[in-house]
Number of protein chains: 2
Amino acid sequence: MPRLHWEDFSPGQVTACGSRLITRAEIVAFAAEYDPQPMHLDEAAARASLFGGLVASGWHTCCVLMRMLSDDFLADASFLGAPGVEEVNWLAPIRPGERINARTTVLETRVSRSRPDVGFVKFRFELINAANQPVMSLIVSPMFGRRDANAAPGGDKASSVP
Amino acid sequence: MPRLHWEDFSPGQVTACGSRLITRAEIVAFAAEYDPQPMHLDEAAARASLFGGLVASGWHTCCVLMRMLSDDFLADASFLGAPGVEEVNWLAPIRPGERINARTTVLETRVSRSRPDVGFVKFRFELINAANQPVMSLIVSPMFGRRDANAAPGGDKASSVP
């Protein structure tokens, strides 16, 4: 039985969700498999790019965030996935050897109209580097099971950050 | 010297961008590394989920698209990455053994205001399964180098799908 259900998320909640060191090996391995651009793969080519050196793929950054959230609160939540992503902003490059921290802000919650046993939680997730600079922000509304699925009819219970 | 520059993309262009078989091994390997949810990792747990069986991670699907585009037209383009993603819709699950095809539609082009040697191309990318059903759509505006960077001052040349 997961500890966290839809009812446990409230607009305005801000929580830290772990920390991760991004290695050169990981940046290159991800790029070789999924995003083989010179700026993610090859130091010399990356030096000649806009970035002036090797940087992590933006898609890699999304995947790292997903893993950090999975190891943090999602591991103990009635998480049911998401129908998509509302926006991703790659704000600054992540370079080999950087440590990044994840921060989660709940923006809004609402019950599913079609499935009253399920609710959506709209989050802003941010990855922040050691200089306290956000390197990525991402807005997404995943679904969670409700603690008491028969508590109330859905569709009329919603709240959001003012 | 890449063949494709910003000038080669025009609103309304629709092109096929490759085909890929998604294997069970790949779905599970990706999930184990970046998105360890039971519905992506474990057949028995996945059968009990909303999906009734193992499905690919949505993030995996994004990464597969990026690889398909990299192997297709991006490999021969003055591609400079993207500042983010405008929207991702995971429309239908991808199951082990499915073959997916990529389709690219150019929605809009514009020159960068701050860097007249660079232009943005707004794309809708779609992945389509064997039943001709879209399984993912994604809107993103990557940057490309201009063929003749000194041709014209930027900011005033833009076109879009009416």
Side-chain angles (χ1 to χ4, degrees), chain A residues 2 20 26 29-41 46 49-51 55-71 74-75 77-93 112 115 117-118 135-143 145, chain B residues 2 20 26 29-41 46 49-51 55-71 74-75 77-93 112 115 117-118 135-143 145:
Chain A
R20 180 161 165 157
E26 179 185 4
F30 180 93
E33 190 149 4
Y34 292 114
D35 192 358
Q37 318 309 321
M39 59 196 161
H40 308 313
L41 269 180
S49 79
L50 285 176
F51 296 107
V55 297
S57 157
W59 291 113
H60 184 196
T61 312
C62 291
C63 293
V64 162
L65 171 67
M66 188 66 214
R67 178 58 192 256
M68 292 172 77
L69 300 175
S70 300
D71 290 345
L74 291 183
S78 58
F79 174 59
L80 297 169
V85 182
E86 288 157 59
E87 96 184 38
V88 181
N89 292 293
W90 293 309
L91 302 166
S112 165
R115 295 203 42 197
D117 56 332
V118 168
V135 294
M136 182 172 76
S137 75
L138 193 149
I139 294 179
V140 60
S141 297
M143 297 172 285
Chain B
R20 179 161 166 158
E26 179 185 5
F30 180 93
E33 190 150 3
Y34 292 114
D35 193 357
Q37 318 308 320
M39 59 196 162
H40 309 313
L41 269 181
S49 79
L50 285 175
F51 297 107
V55 298
S57 157
W59 291 115
H60 185 196
T61 312
C62 290
C63 293
V64 163
L65 170 67
M66 187 67 215
R67 179 57 191 257
M68 291 172 77
L69 300 174
S70 300
D71 290 344
L74 291 184
S78 59
F79 173 58
L80 298 169
V85 182
E86 288 156 61
E87 90 184 43
V88 181
N89 292 294
W90 292 309
L91 303 165
S112 164
R115 293 203 43 197
D117 56 331
V118 168
V135 294
M136 181 173 76
S137 75
L138 192 147
I139 295 180
V140 60
S141 297
M143 297 172 284

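Naming convention: chains lettered A, B, ... in sequence-line order (proteins, then strands); numbering from 1 in each chain.
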| task | Heavy atoms only: give me the nearest A/G145-A/L80 pair and the separation to one decimal. | result | N-CD1, 3.7 Å

| request: Please name all residues satisfying side-chain contact (heavy atoms from CB on, under 4.5 Å) with A/A75, sequence neighbours left out, ordered by chain then number. | output: none

| message | With a 4.5 angstrom heavy-atom cut-off, is it the side chain or the backbone of B/V140 that approaches chain A, or both, or neither? | response | neither

| note | Rounded to the nearest 0.5 angstrom, the OG-CZ distance for A/S70 and A/F79 is 7.0 Å

| said: If I measure from the heavy atoms of chain A, does B/L65 come under 4.5 Å with its side chain, its backbone, both, or neither? | reply: neither

| message | Is A/V64 close to chain B through its backbone or its side chain, or both, or neither, when contacts mean heavy atoms under 4.5 Å? | response | both

| field | Proximity breakdown for B/E86 and chain A, heavy-atom pairs closer than 4.5 Å | value | backbone

| message | Please identify, among B/M39, B/Q37, B/M68, the residue contributing the most non-hydrogen atom pairs under 4.5 Å to chain A. | response | B/Q37

| said: Could you check whether any side-chain heavy atom of A/C63 comes within less than 4.5 Å of a side-chain heavy atom of B/C63, counting everything from C-beta outward? | reply: yes

| said: Among A/V118, A/N89, A/D35, which residue has the highest count of heavy-atom pairs closer than 4.5 Å to chain B? | reply: A/D35

| Which answer fits B/A32, side chain, backbone, both or neither, if we ask what part of it has an atom under 4.5 Å from a heavy atom of chain A? | backbone

| remark: Checked A/P38, A/S57, A/C62, A/G58 vs chain B; the most non-hydrogen pairs under 4.5 Å come from A/C62

| query | Got a second to check how far B/F30's CZ is from A/M66's CE, nearest 0.5 Å? | reply | 9.5 Å

| query | Does the side chain of B/Y34 come under 3.5 Å of the side chain of B/H60 through a donor N or O and an acceptor N or O? | reply | no

| Highest number of heavy-atom pairs under 4.5 Å with chain B: which of A/L91, A/D71, A/V88? | A/V88

| Say you draw a straight line from CD of B/E26 to CZ of B/R20; how long is it, rounded to the nearest 0.5 Å? | 4.5 Å

| said: Between B/M136 and chain A, with a heavy-atom cut-off of 4.5 Å, which part of the residue counts as in contact: side chain, backbone, both or neither? | reply: neither

| message | My understanding is that only residues two or more places apart in sequence, or in another chain, count here; which of them pass side-chain contact (heavy atoms from CB on, under 4.5 Å) with A/P93? | response | A/F51, A/V55, A/R95

| query | Checking A/L69 against chain B: side chain, backbone, both or neither under 4.5 Å from a heavy atom? | reply | neither

